[in-house]
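Remarks on the structure that follows.
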Amino acid sequence: HGGGRQAGAGAPAPAGGGARYDGPPWEERERIGFGAAFVDTTKGVLAEPADFFRRMRPMGGIGAPLFYGVLTGYLGLLVTSVYQFVWHVVAGGPVEPAGDTPAEQLLAALQGGMTIGQLAFNVLLGPVLVAVGLFIGAGIYHLALLVLGGAQRDFEATLRVTCYGGATQLFQIVPGCGGLIAVVWNIVVQIIGLAEVHGISRGKAAGAVLLPLLLLCCCCVGLAALLGFSIAGLAGMGR
């Protein structure tokens, strides 16, 4: 793999030239079978992400990777929803919604509740939510790459990395710590994938992945502080 590593460290190999792509298996599922393609692709992303994305064709359509990303993301969402619903019932929470207003529904969700209605919502609309999330995530990563000067390929390449990186959502199957593992390993996979596909350093790829997260954390802290000051002010006016 010496030539592939060299291409991953510098500029992208010319189209039709030096780089030799033979993956991912998911895009050969009609030939090797659905199950084998799913297992091989998932193993590649989770166990050997650098080799997987080095071999992945950066172009070639978004249908297959989007299908894979939605499938893995939906499975992760279903498992998480079921776990939350079971925990909610075991903890003695109400199965029916705690209130009728959107604000009451949002409060129940933030408190970790999962009613039958919320579970049904995730089951029915989960694929749509996952697909939208993949496009938004890829868009944010690609914008960050453009800002940092690391977007050596088109948006399609970034979207393909984001979709296949969705294999990490299968860690949600692990009770308790599965969600944390999925988040952490997804960050690692996205960094490696963007570096290999765009032919940039992993430091620049890490900046593209972590910068939006840092900005999001700052916004959340700011909103929380603003909400706290607002509540304190209203409490003071009520005295």
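Quick note: residue numbers are just sequence positions, from 1.
- For the salt bridge (charged side-chain N to carboxylate O under 4.0 Å, His left out) condition, the pairs that include at least one residue of residues 157-175, sequence neighbours left out, are E27-R160.
- Under the rule for a ring-ring contact (aromatic ring centres under 6.0 Å, His included), Y74 has no partner lying at least two apart in sequence or in another chain.
- H142 and H198 have tilted rings, their planes meeting at an angle from 30° to 60° on a 0 to 90° scale.
- Hydrophobic cluster membership differs between V79 and L71, with clusters built from Ile, Leu, Val, Met, Phe, Trp and Tyr side chains linked at under 4.5 angstrom.
- Minimum interatomic distance between A208 and L148 (heavy atoms only, all atoms of both residues): N-CD1, 3.4 Å.
- Each of M56 and I62 belongs to its own hydrophobic cluster when Ile, Leu, Val, Met, Phe, Trp and Tyr are linked at side-chain heavy-atom distances under 4.5 angstrom.
- A donor-acceptor contact shorter than 3.5 Å is absent between the side chain of W26 and the backbone of P65.
- Of the inter-residue distances, the one linking Q84 atom CD with N122 atom CG reads 8.0 Å to the nearest 0.5 angstrom.
- Counting heavy atoms from C-beta outward, Y141 and F155 have side chains that stay 4.5 Å or more apart.
- Under a hydrophobic clustering in which Ile, Leu, Val, Met, Phe, Trp and Tyr are joined whenever their side-chain heavy atoms come within less than 4.5 Å, directly or via other members, L145 and L210 fall into the same cluster.
- Taking hydrophobic clusters as Ile, Leu, Val, Met, Phe, Trp and Tyr residues chained together by side-chain heavy-atom distances below 4.5 Å, I191 shares a cluster with V188.
- Residues F85 and I116 form a side-chain contact, since some pair of their non-hydrogen atoms from C-beta on lies under 4.5 Å apart.
- Residues D51 and R55 form a side-chain contact, since some pair of their non-hydrogen atoms from C-beta on lies under 4.5 Å apart.
- Taken from CG in L134 to CG in L129, the straight-line distance is 11.0 Å, to the nearest 0.5 Å.
- Heavy-atom minimum distance, S81 versus L119: CB-CD1, 3.6 Å.
- For the pair T41 and R29, the minimum side-chain heavy-atom distance is 4.5 Å or more.
- Under the 4.5 Å side-chain criterion, counting only non-hydrogen atoms from C-beta, T42 is not in contact with V39.
- Counting heavy atoms from C-beta on, the side chains of R153 and T158 never come closer than 4.5 Å.
- G150 and I200 make their closest contact through O-CG2, 3.5 Å (heavy atoms, listed as atom of the first residue, atom of the second, distance).
- Summarising the geometry of V130 relative to G73, their closest heavy-atom pair is CG2-C, 3.8 Å, with the distance given to 0.1 Å.
- The ring-ring contact (aromatic ring centres under 6.0 Å, His included) search around F52 returns Y164, not counting sequence neighbours.
- Between E48 and K43 there is no salt bridge, since none of the side-chain N atoms of the basic residue sits less than 4.0 Å from a carboxylate O of the acidic one.
- Applying the ring-ring contact (aromatic ring centres under 6.0 Å, His included) test to F38 and every residue at least two apart in sequence or in another chain returns Y68.
- Atom CG of L77 sits about 10.5 Å away from atom CG of L125, to the nearest 0.5 Å.
- Interatomic distance, OG of S201 versus CG of L194, reported as 11.5 Å (0.5 Å rounding).
- Evaluation of the salt bridge (Lys or Arg N to Asp or Glu O under 4.0 Å) rule for E28 yields R31, R57 as partners, not counting sequence neighbours.
- When all heavy atoms are compared, the tightest approach of G207 to P212 is O-CD, 4.1 Å.
- A continuous path of Ile, Leu, Val, Met, Phe, Trp and Tyr side chains, each step under 4.5 Å between heavy atoms, connects F67 with L75, placing both in one hydrophobic cluster.
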In residues 166-187, what donor-acceptor pairs under 3.5 Å come from side-chain atoms, sequence neighbours left out?
unit_1	atom_1	unit_2	atom_2	d
T168	OG1	G165	O	3.0
T168	OG1	N186	ND2	3.0
Q169	OE1	Q172	NE2	3.4
Q172	OE1	T80	OG1	3.0
W185	NE1	L46	O	3.2
N186	ND2	G165	O	3.1

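- Minimum interatomic distance between G60 and E156 (heavy atoms only, all atoms of both residues): N-OE2, 2.8 Å.
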